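Please read these numbers as outputs of a predicted model, since none were measured by experiment. What's counted below: heavy atoms across the whole structure, side chains too, no hydrogens, waters or symmetry copies.
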Amino acid sequence: MSVRTPISDFIDEYAEKNMVRLHMPGHKGVTFSGPEREDITEIYGADSLYSAGGIIDESEKICSRLFNSKKTLYSTEGSSQCIKAMVYLLKYTRKHSRTRILATRNVHKSFLYACALCDCEVDWIYSEEGKSSVCSCKVCSNRVDRILETEEYDGVYITSPDYLGNLADVKGIAEVCHKHDVPLLVDNAHGAYLHFLDEKMHPLDLGADICCDSAHKTLPVLTGGAYLHFSDKVSDEVVDRAKDAMEMFGSTSPSYLVLKSLDLCNRYLDEKMHIKLKKMTDMTKATKHIISDNGWNVCESEPLKISIRSPKSKTGYEIAQMMRQHGVECEFCDKDFVTCMFSTSNSEDDVRKFIQSLGENFEKEIRTLPNVSKCEKRISIREAVFSGNEIVDVENAVGRICSDVKVSCPPAVPIVMPGEVIDEYVISLLKYYGITEIDVVK
């Protein structure tokens, strides 16, 4: 029997009735840009996202069964909303007056805003190797264990996969966290599909307590559609507070178009995902071998992402432009990397065009990555973000305290954190990544 799609069914039926719409939105279902007939609000029977007891609640429960979670909630504002909710929910299990979090350095900026809003204290874990790209932070479970032996935290927070496709040792880190009775939170924004591989690699399958998935990044879901998942290890109290946490950081007008796409995706995950995913992961694996044989330096990464280290003679920007001239657009590029994301919606022809767009490159010597700097923390994230601030040229920022995150999305991973002192090396990093101005505390 097919998985039910209660949200989609309700919206379709309502659109067919041609009701006189004396309710929001203002377009009244009249076509203007395209999807207006299906764009509704919390009318009778449509349920309400943050107090769901009808069609949304039913759809979320179906999704929870598909992911084998204790509970799964929908977000129409991406993983950014879920990340804030995850951080907020630590207040119900914390051991301190202020929430203390141990986090890998390569966090998305929404985590920093969550910590500012919730007044959290954060200690950073830097990469094992002492140097990595800004987007990556490779940390082993033994390192986390050593830290937790000497310091007490209310939660450990990691990003996996990261923007370049690196997967953390979620299983090992989760075991260490549970040994110390500390919950593990995972930003799995780029890995919603990982649960549906033959060998499950989703954070929940590997022992994470709470995680978020940006469904729209790797599944056939409209932009903004995301999941907040809870494992069986999370207490009923925390799970029961989850909707309140999501409401605190979300709009009171969630998009029903996004909700419909999340709802329809349940059927896709149940009926088509496994077969299509196996085919696409096989093609992506083969593609990595082909372009590697053609001379490109392909990074180790999760199954549906291909990241290329740029050679000395060509920046990532130049490689991306070369691809663009062949009708292929990448997900992300900077001086050192080009990252491409595939999904089950890509075709064999897409893969062929991608390979052709790269051509051949036989220079194996790659560009040297700059070290990620360890900065002095002078004040808290909250104090920095909510302080009086000013924007200055980076050349004039030596010795000043960073007050806000000046980094675009993608990748939205900060070089210097709010509350940290900006030194000469940080300025060289900012310039390296093309950042010319920065917010500092007055």
Requested in this report: Run the numbers on Ser301 and Lys288 for side chain to side chain donor-acceptor pair (under 3.5 Å), then give the verdict.
Outcome: CA-CA 10 Å; Ser301 65; Lys288 290 178 181 180; 3.0 Å; yes

Requested in this report: Taking atom NZ of Lys233 as the centre, report whether more than 12 heavy atoms of other residues, nucleotides or ligands fall under 6.0 Å from it.
Outcome: yes

Query raised in the report: Ion pair present between Lys70 and Asp232, side-chain N to carboxylate O less than 4.0 angstrom?
Result: no

Requested in this report: Find the distance between CZ (Phe230) and CE (Met86) and round it off to the nearest 0.5 Å.
Outcome: 9.0 Å

Query raised in the report: Does atom NZ of Lys95 have more than 12 heavy-atom neighbours from other groups under 6.0 Å away?
Result: yes

Requested in this report: May I ask you to decide whether Arg400 forms a salt bridge with Glu420, counting only side-chain N to carboxylate O separations under 4.0 Å?
Outcome: no

Query raised in the report: Does Leu194 reach the side chain of Leu167, with side-chain heavy atoms less than 4.5 Å apart?
Result: yes

Report task. First locate atom CG of Leu269, then atom CG of Leu262, and finally report the distance between them rounded to the nearest 0.5 Å. Result -> 10.0 Å

Report task. Could you tell me whether the side chain of Thr93 reaches within less than 4.5 Å of the side chain of Glu237, counting heavy atoms only? Result -> no

Query raised in the report: Does the side chain of His96 pick up a donor-acceptor pair with the side chain of Asp154 at under 3.5 Å?
Result: yes

Query raised in the report: Are side-chain N/O atoms of Ser69 and Ser64 paired as donor and acceptor at under 3.5 Å?
Result: yes

Query raised in the report: Less than 4.0 Å between a side-chain N and a carboxylate O, is that true for Glu247 and Lys243?
Result: no

Query - NZ/NE/NH1/NH2 to OD/OE distance under 4.0 Å, Lys279 and Asp282 - result: no

Query raised in the report: Any donor and acceptor pair, going by atom type alone, linking the side chain of Arg100 with main-chain N or O of Tyr153 inside 3.5 Å?
Result: no

Requested in this report: Taking all non-hydrogen atoms of both residues into account, name the closest pair between Ala245 and Tyr88 and its distance.
Outcome: CB-CD2, 3.6 Å

Query raised in the report: Distance-only, no hydrogens or angles: does the Arg105 side chain make a donor-acceptor pair with backbone N or O of Cys137 under 3.5 Å?
Result: no

**Report entry** Six-ring centre of Tyr432, Lys335 cation under 6.0 angstrom, axis tolerance 45°
**Finding:** yes

Report task. Look up atom CG in Asp236 and atom CZ in Arg241, then write down how far apart they are to the nearest 0.5 Å. Result -> 12.5 Å

Requested in this report: Might you confirm whether atom CG of Asp293 has over 12 heavy atoms from other residues, nucleotides or ligands at distances under 6.0 Å?
Outcome: yes

Query raised in the report: Relative to the ring of Tyr227, is the ring of His229 parallel (under 30°), tilted (30 to 60°) or perpendicular (over 60°)?
Result: tilted

Query - Heavy-atom pair with the smallest gap, counting every atom of Glu318 and Ser313 - result: OE1-O, 4.1 Å

Report task. Check Met323 against Cys340 and note the closest heavy-atom contact, atom names and distance. Result -> CE-SG, 3.6 Å

Query raised in the report: So Trp124 and Val107, side-chain contact (heavy atoms from CB on, under 4.5 Å) or not? Walk me through it.
Result: CA-CA 10 Å; Trp124 301 111; Val107 295; 3.8 Å; yes

Query - Under 3.5 Å: donor-acceptor pair, side chain of Lys377, backbone of Val122 - result: yes

Query raised in the report: Counting heavy atoms not belonging to Glu329, are there more than 12 under 6.0 Å from its CD?
Result: yes

Query - Over 12 non-hydrogen atoms of neighbours within 6.0 angstrom of CD in Glu424 - result: no

Report task. Could you check Leu102 against Ile125 for side-chain contact (heavy atoms from CB on, under 4.5 Å), going step by step and ending with a plain yes or no? Result -> CA-CA 7 Å; Leu102 180 67; Ile125 315 176; 3.6 Å; yes

Query raised in the report: Does any non-hydrogen side-chain atom of His195 lie less than 4.5 Å from one of Leu204?
Result: no

Report task. May I ask you to decide if Val238's main-chain N or O and Ser235's side chain share a donor-acceptor pair within less than 3.5 Å? Result -> yes

**Report entry** Closest contact, heavy atoms only, Ala174 versus Ala208
**Finding:** CB-N, 4.2 Å

Query raised in the report: Does some side-chain heavy atom of Val351 sit less than 4.5 Å from a side-chain heavy atom of Ser347?
Result: no

Query - Asp145 bridged to Lys179 by N-O distance under 4.0 Å - result: yes

Query - Identified side chain to side chain contact (heavy atoms under 4.5 Å, CB included) partner of Ile422 from the options Val392, Val398, Ile427, Ile415 - result: Ile427

Report task. Please report the C-alpha distance between Asp187 and Phe111 in whole Å, then the side-chain angles of each, then the deciding distance to 0.1 Å, and finally whether the side-chain contact (heavy atoms from CB on, under 4.5 Å) criterion is met. Result -> CA-CA 9 Å; Asp187 173 359; Phe111 172 77; over 6 Å; no

Query raised in the report: Is there a donor-acceptor contact under 3.5 Å from the side chain of Ser59 to the main chain of Ile55?
Result: no

Query raised in the report: Considering only heavy atoms from C-beta outward, does the side chain of Phe354 approach that of Asn346 to under 4.5 Å?
Result: no

Query raised in the report: Do other residues, nucleotides or ligands put more than 12 heavy atoms under 6.0 Å from Lys276 NZ?
Result: no

Report summary line: Residues passing the ring-ring contact (aromatic ring centres under 6.0 Å, His included) test with Tyr193, sequence neighbours excluded, are none

Query raised in the report: Given Ser255 and Thr76, is the side chain to side chain donor-acceptor pair (under 3.5 Å) satisfied, shown in steps?
Result: CA-CA 6 Å; Ser255 167; Thr76 63; over 6 Å; no

Query raised in the report: Checking Lys305 against Tyr163: charged group under 6.0 Å from the ring centre and within 45 degrees of the axis?
Result: yes

Query - Glu365 atom CD, neighbour heavy-atom count above 12 within 6.0 Å - result: no

Query raised in the report: With a cut-off of under 6.0 Å to the ring centre and 45° to the axis, is Lys374 in cation-pi contact with Tyr126?
Result: yes

Report task. Using a 4.5 Å cut-off on heavy atoms from C-beta on, say whether the side chain of Arg143 contacts that of Arg146. Result -> yes

Query raised in the report: Of all heavy-atom pairs between Glu383 and Ile379, which one has the smallest distance, and what is that distance?
Result: OE1-CB, 3.5 Å

Query raised in the report: Would you say the side-chain atoms of Asn389 pair up with the backbone N or O of Ser403, donor to acceptor, closer than 3.5 Å?
Result: no

Requested in this report: Please report the closest heavy-atom contact between Val338 and Ala320, naming both atoms and the distance.
Outcome: CG2-N, 4.2 Å

Query - Ser261 side chain to Leu222 backbone, donor-acceptor under 3.5 Å - result: yes

Query raised in the report: Side chains of Glu60 and Thr72: donor-acceptor distance under 3.5 Å anywhere?
Result: no

Report task. State yes or no: are the ring centers of Phe196 and Tyr268 separated by less than 6.0 Å? Result -> no

Report task. Give a yes or no on whether a salt bridge exists between Lys312 and Glu363, defined as a side-chain N under 4.0 angstrom from a carboxylate O. Result -> no

Query raised in the report: Tell me, do Asp336 and Tyr433 make a side-chain contact under 4.5 Å, heavy atoms counted?
Result: yes

Query raised in the report: So, does Asp209 use its side chain to make a donor-acceptor pair with the main chain of Leu184 at under 3.5 Å?
Result: yes

Report task. Check whether more than 12 heavy atoms from other residues, nucleotides or ligands sit under 6.0 Å from atom NZ of Lys278, and answer yes or no. Result -> no

Query - Minimum side-chain heavy-atom gap Asp439-Glu390 below 4.5 Å - result: no

Query - Main-chain N/O of Asp213 paired with Asn188 side-chain donor or acceptor, under 3.5 Å - result: no

**Report entry** Phe337-Phe332 aromatic ring centre distance below 6.0 Å
**Finding:** no

Requested in this report: For the pair Ser160 (side chain) and Ala168 (backbone), establish whether a donor and an acceptor sit closer than 3.5 Å, ignoring hydrogens and angles.
Outcome: yes

Query raised in the report: Between Ser136 and Asn166, does a side chain to side chain donor-acceptor pair (under 3.5 Å) hold up when you go through it step by step?
Result: CA-CA 7 Å; Ser136 299; Asn166 296 293; 2.8 Å; yes

